[in-house]
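Heads up, the thing below is written out as structure tokens.
The first residue in the sequence is number 1, and the count goes up from there. Keep in mind that the numbers below use all heavy atoms, side chains included, and drop hydrogens, waters and symmetry copies.
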Amino acid sequence: MRIDLHTHSRASDGTQSPAELVRAAAAAGLDVVALTDHDTAEGWAEAARTAEETGVGLVRGMEISTRHDGRGVHLLAYLPDPTHPPLLAELERILEGRSSRLPAMLARLRELGVDIDEDDVRRVAGDAVATGRPHVADALVDLGVVADRTEAFRRFLSAGRPAYANRYAAPLEKMLRIVGDAGGVSVIAHPWGRHGRQEPSEATLAELTEAGLSGLEVDHQDHDASARERLRGIARNLDLVVTGSSDHHGSGKVDHELGCNTTAPEEFARLVDLARLAAARSGRSTPEVVGA
Ligand code: AMP
Ligand code: FE
Ligand code: FE
Ligand code: ZN
């Protein structure tokens, strides 16, 4: 069983349509794939149709932009009812923050002498619901300013770089509650990714577990071997589910090929059991795993 629990489509900042993504998962020999676009369930229906055609198991999820102790935390929510009103309201607020941040980033790029406007971004973003910095990066590639997304982030778009602008993210503990009330389960994506610090600490993760957290994404390309080992220990201490994923973005992120990290079948089974419990407790109508 090969299970990859975190991928993106063109509904957010991946480069494949949801159907293409699910077909690619089948071609890569995955048994189960989770579609977890940033802050939207927009790709779910198309992905579910293709999963039924191809026989790949599909977990419908999303990667929600949250904030805790002043830091951004990406929260993977699996199998929630996306129509739960408090969840919808927060997602709308996050998406609105994404849209209204675009003009600010483009204005900063123009101050730096780059001739770019919203049409350039719209052209590359297509029908994405959740627009983000990767789309600005794609526009910069399209205009010949940079060679790829990586260079765009390094020169302009990463936090601290000159075209970076902040945006709204939901309070993490509030979102843990909302996801549970929506009948879903919460896993922190790449908890120690990118910034290089081993934070949130075990003490903080213990508090978050009390607040409703169910798992940690341990096996992720942003974690080196020692981070994975320490996170696995913390998950064991706190009885959290351990997941692994590619965080695939199509051709938008190098070294994140489908199945490059996977989730153990017994951990996946625990996650699905927790989702069933949450769904029953919530009384909401939640999605099933397609093909389960
Ligand atoms: P945003 O959602 O607009 O804040 O942009 C953050 C997203 O950009 C992340 O979820 C990644 O998908 C992507 N990203 C961040 N850093 C890089 C990078 N160096 N190269 C490519 N994509 C990146
Ligand atoms: Fe992304
Ligand atoms: Fe992420
Ligand atoms: Zn992701």
Side-chain angles (χ1 to χ4, degrees), residues 1-9 12-16 18 20-38 43 47 51 54 56-64 72-79 134 149-150 153 185-200 205 213-236 238-272 274-275 289 291-292:
M1 281 276 273
R2 297 184 69 225
I3 303 162
D4 184 341
L5 288 185
H6 177 173
T7 70
H8 298 265
S9 77
S12 63
D13 57 4
T15 60
Q16 296 154 302
E20 286 166 349
L21 173 79
V22 172
R23 275 191 221 107
L30 293 178
D31 299 286
V32 177
V33 67
L35 176 64
T36 53
D37 275 307
H38 296 288
T54 58
V56 175
L58 175 74
V59 179
R60 283 165 276 193
M62 54 183 80
E63 184 177 18
I64 304 176
V73 174
H74 286 180
L75 188 70
L76 292 161
Y78 294 108
L79 303 165
R149 281 186 180 180
T150 307
F153 273 88
V185 283
S186 294
V187 172
I188 295 186
H190 44 74
W192 289 352
R194 289 201 190 280
H195 50 68
R197 291 184 299 268
Q198 301 205 328
E199 288 169 29
L205 290 168
L213 180 67
S214 293
L216 295 179
E217 186 182 57
V218 173
D219 290 301
H220 184 281
Q221 296 300 72
D222 285 358
H223 296 147
D224 63 17
S226 87
R228 292 182 193 209
E229 195 179 326
R230 283 203 56 206
L231 283 167
R232 227 180 287 284
I234 292 173
R236 202 178 308 120
L238 299 177
D239 199 27
L240 290 166
V241 174
V242 169
T243 69
S245 80
S246 61
D247 198 358
H248 184 63
H249 283 65
S251 58
K253 239 183 189 176
V254 291
D255 199 25
H256 286 258
E257 293 316 311
L258 285 166
C260 65
N261 299 292
T262 56
T263 300
E266 55 277 16
E267 297 292 321
F268 178 57
R270 276 180 72 199
L271 195 70
V272 172
L274 289 169
V289 178

Residues Glu20 and Arg23 bridged, charged N to O under 4.0 Å: no

Check whether more than 12 heavy atoms from other residues, nucleotides or ligands sit under 6.0 Å from atom CD of Gln198, and answer yes or no. yes

Would you confirm whether [X], through its side chain, and [Y], through its main-chain N or O, come within 3.5 Å as a donor-acceptor pair?
{"X": "Asp37", "Y": "Ser9", "answer": "yes"}
{"X": "Asp219", "Y": "Asn261", "answer": "no"}
{"X": "Glu63", "Y": "Ala189", "answer": "no"}
{"X": "Thr15", "Y": "Ser251", "answer": "yes"}
{"X": "Arg2", "Y": "Ala28", "answer": "yes"}

For the ring pair (Phe, Tyr, Trp, His ring centres under 6.0 Å) test, which of His38, His248, His74 pairs with His8? His38

For His6 and His190, what are the C-alpha separation, side-chain angles and deciding distance, and is it a side-chain contact (heavy atoms from CB on, under 4.5 Å)? CA-CA 10 Å; His6 177 173; His190 44 74; 4.1 Å; yes

Could you check whether any side-chain heavy atom of [X] comes within less than 4.5 Å of a side-chain heavy atom of [Y], counting everything from C-beta outward?
{"X": "Met62", "Y": "Ser12", "value": "no"}
{"X": "Leu75", "Y": "Leu213", "value": "yes"}
{"X": "Leu76", "Y": "Ile188", "value": "no"}
{"X": "Val272", "Y": "Tyr78", "value": "no"}

Consider only side-chain N and O atoms of Glu217 and His223, and report whether a donor and an acceptor are under 3.5 Å apart. no

Quick one: closest heavy-atom pair of [X] and [Y], and the distance?
{"X": "Trp192", "Y": "Pro200", "result": "NE1-O, 2.9 Å"}
{"X": "Leu21", "Y": "Thr7", "result": "CD2-OG1, 3.1 Å"}
{"X": "Asp13", "Y": "Pro134", "result": "OD2-CG, 3.2 Å"}
{"X": "Leu216", "Y": "Pro191", "result": "CD2-CG, 4.3 Å"}
{"X": "Ala47", "Y": "Pro18", "result": "N-CB, 3.9 Å"}
{"X": "Thr54", "Y": "Ala26", "result": "CB-CB, 4.2 Å"}

Using the side-chain contact (heavy atoms from CB on, under 4.5 Å) definition, which of the options Val289, Val59, Leu5, Thr263 pairs with Leu271? Leu5

Distance in Å, [X] [atom1] paired with [Y] [atom2], rounded so as to fall on 0.5 Å steps:
{"X": "Leu205", "Y": "Leu231", "atom1": "CG", "atom2": "CG", "answer": "7.5 Å"}
{"X": "Leu274", "Y": "Leu79", "atom1": "CG", "atom2": "CG", "answer": "11.0 Å"}
{"X": "Asp247", "Y": "His220", "atom1": "CG", "atom2": "NE2", "answer": "3.5 Å"}
{"X": "Ser214", "Y": "Leu238", "atom1": "OG", "atom2": "CG", "answer": "12.0 Å"}
{"X": "Ile234", "Y": "Arg232", "atom1": "CD1", "atom2": "CZ", "answer": "12.0 Å"}

What's the verdict on salt bridge (charged side-chain N to carboxylate O under 4.0 Å, His left out) for Glu267 and Arg270, showing C-alpha distance, side-chain angles and the deciding distance? CA-CA 5 Å; Glu267 297 292 321; Arg270 276 180 72 199; 3.5 Å; yes

What is the ring orientation for His256 with His249, classed by angle as parallel under 30°, tilted 30 to 60°, or perpendicular over 60°? perpendicular

Show the numbers, then the answer: is there a side-chain contact (heavy atoms from CB on, under 4.5 Å) between Val33 and Leu58? CA-CA 5 Å; Val33 67; Leu58 175 74; 4.1 Å; yes

